[in-house]
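Whatever order the structure lists them in is the order used to number ligands and atoms, beginning at 1.
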Amino acid sequence: MLTLGIETSCDETAAAVLRDDKVLSNIVSSQIDLHKKYGGVVPELASREHLKNLMPVIREALSSASVTLSDIGLVAVTYTPGLIGALLVGVSAAKAIAYARNIPFIGVHHGEGHILAAHIEYPGIGYPYIALLVSGGHTALYHVKGLGDYRMLGQTRDDAAGEAYDKVSKLLGLEYPGGPIVDRLAQEGNPEAVHFPRSRQEGFDFSFSGLKTAVRNHVMLFRSKDKGLDPEMNKKDVAASFQAAVMDALVEKTMSAVMKTGVDKVVVAGGVAANSLLRKRMQDEAGKRCIELYLPAMGLCVDNAAMIALAGYLHHMRGESSRLDLNPRPAMPL
Ligand code: KG4
Ligand code: ZN
């Protein structure tokens with residue numbers, strides 16, 4: 001069975017081909033350069049760019065998998081959550097291909113795609129496990145009991161962790177997307193230089209808006225109207241101190257989810273799972289507590305279509321598919 005996966009929920013136009021659960025190709029065309037000058041994703045520009053790039057990206061995915069459209073047996077596409085105009089481009093293309101070729105079509109929840117990305121590298125991972133989903137749009141902990149059986153233990157009450165990274169990058173006068181930039185800078189800074197507050201949310205919930213405000217207040221101390229940001233402020237230390245506060249929350253809550261549920265297997269998913277400190281701290285904790293840890297390769301953490309194809313394929317194997325009148329949805333719980 002060959003599955004074509006399509007992902008256009010935000011600012012990556014992506015297509016992938018899987019043979020059963022094995023990735024034959026995984027093509028991502030990033031729009032980052034287009035959105036950079038606006039400091040974030042401009043929805044209308046994103047939709048137009050998807051429209052321009054999607055067919056070339058699909059063609060490239062097919063050719064690097066050495067297959068043609070007529071070999072494809074299933075089309076899987078992200079239909080929620082995301083920017084509505086951007087989702088519409090991918091969903092419309094997927095429906096058109098499925099209808100023209102008379103093959104099944106399946107809509108995938110983007111968050112589920114991120115979680116299942118771990119199964120690409122570790123097909124024998126097995127259930128249950130705890131999944132920490134951390135991206136630009138999500139920050140949540142799930143007790144994953146099986147395919148499609150996700151019990152949310154907690155989530156952010158305000159910003160997603162990736163969103164906080166993007167905002168802090170902006171405050172520091174750095175570019176979009178902020179995650180990789182702040183991560184790199186933080187590696188050269190002192191995480192104890194500035195004491196940013198740790199949020200005390202109940203249970204497994206997170207909150208990053210107070211931390212973001214604390215970073216803004218700190219930066220304001222070094223900013224003047226006429227001279228801009230004082231070079232005396234050490235951006236590396238601010239980045240490292242911010243990063244330490246984010247990771248304290250993510251690691252601490254994940255470990256208490258392990259303790260509370262007794263499930264000693266952890267998957268970290270989403271764009272922020274590419275973070276160097278998060279990877280290191282999770283590895284350290286997992287080593288200390290004998291937890292099985294699954295960290296997808298960086299390319300499978302950030303947005304891609306291989307994870308969407310896999311999620312669609314796994315559901316299809318259980319006899320599921322979507323109707324052609326499925327519409328994209330800007331938001332929907334997993
Ligand atoms: O999963 P993703 O590609 O898209 C969404 O579904 O949101 O995640 C993108 C987010 C962005 O906010 C980006 O700044 C963040 O992931 N990110 C990182 C790192 N790499 C990407 N955050 C922290 N450290 C990183 N190394
Ligand atoms: Zn994503």
Atom nearest to the Zn ion (ligand 2) - D303, N, O or S atoms considered: OD1
N, O or S atom of H110 closer to the Zn ion (ligand 2) than 2.8 Å: yes
Nearest neighbour in protein (non-hydrogen) for atom 8 (O) of ligand 1: G271 CA, 3.4 Å
Go through the steps to decide whether Y165 and F242 satisfy the test ring-ring contact (aromatic ring centres under 6.0 Å, His included), and finish with yes or no. CA-CA 9 Å; Y165 266 89; F242 159 77; 4.9 Å; yes
Under 4.0 angstrom from ligand 1, any heavy atom of Q243? no
Counting non-hydrogen protein atoms only, what is the nearest one to atom 22 (N) of ligand 1? Give residue, atom name and distance. G179 CA, 3.3 Å
Go through D264 and R289 one step at a time and tell me if the side-chain contact (heavy atoms from CB on, under 4.5 Å) criterion holds. CA-CA 9 Å; D264 57 1; R289 299 165 191 252; over 6 Å; no
Just go through D303, N304, N275 and tell me whose heavy atom is the nearest to atom 3 (O) of ligand 1. D303
Is any side-chain heavy atom of P81 closer than 4.5 Å to a side-chain heavy atom of M332? no
Crowded around R198 CZ? As in, over 12 foreign heavy atoms under 6.0 Å? yes
Minimum-distance pair of heavy atoms, taken over all atoms of S29 and N53: OG-ND2, 3.9 Å
Short side-chain to backbone donor-acceptor contact, D237 and N190, under 3.5 Å: yes
Answer with side chain, backbone, both or neither: which part of H114 has a heavy atom less than 4.0 angstrom from an atom of ligand 1? side chain
Show me which atoms of ligand 1 lie under 4.0 Å from any heavy atom of H110. 6 (O)
Record the part of D166 in heavy-atom contact with ligand 1 below 4.0 Å; permitted values are side chain, backbone, both and neither. side chain
Between R329 and Y79, is there a donor-acceptor pair closer than 3.5 Å when you use the side chain of the first and the backbone of the second? no
Other residues, nucleotides and ligands only: do more than 12 of their heavy atoms fall within 6.0 Å of CG on N102? no
Measure the acute angle between the ring planes of Y129 and H119, then classify it against the limits of 30° and 60° as parallel, tilted or perpendicular. tilted
Check ligand 1 against A274 and write out every atom of the ligand that is under 4.0 Å from a heavy-atom position of the residue. 26 (N)
Protein contact of atom 15 (C) of ligand 1 - nearest heavy atom, named by residue and atom, plus distance: V272 CG2, 4.0 Å
Checking contacts here: is it the side chain or the backbone of E12 that comes within 4.0 Å of ligand 1, counting heavy atoms only? Could be both or neither. neither
For the Zn ion (ligand 2), find the closest N/O/S atom belonging to H114 and write down its atom name. NE2
Closest non-hydrogen protein atom to atom 7 (O) of ligand 1, residue and atom name please, with distance? G136 N, 2.8 Å
Counting heavy atoms only, which part of D183 comes closer than 4.0 Å to ligand 1: side chain, backbone, both or neither? side chain
Let me check your reading of the structure: within less than 2.8 Å of the Zn ion (ligand 2), is there an N/O/S atom from C10? no
Ligand 1 contact by C10, heavy-atom criterion under 4.0 angstrom: no
Hey, does the side chain of T213 reach the backbone of S209 with a donor-acceptor pair shorter than 3.5 angstrom? yes
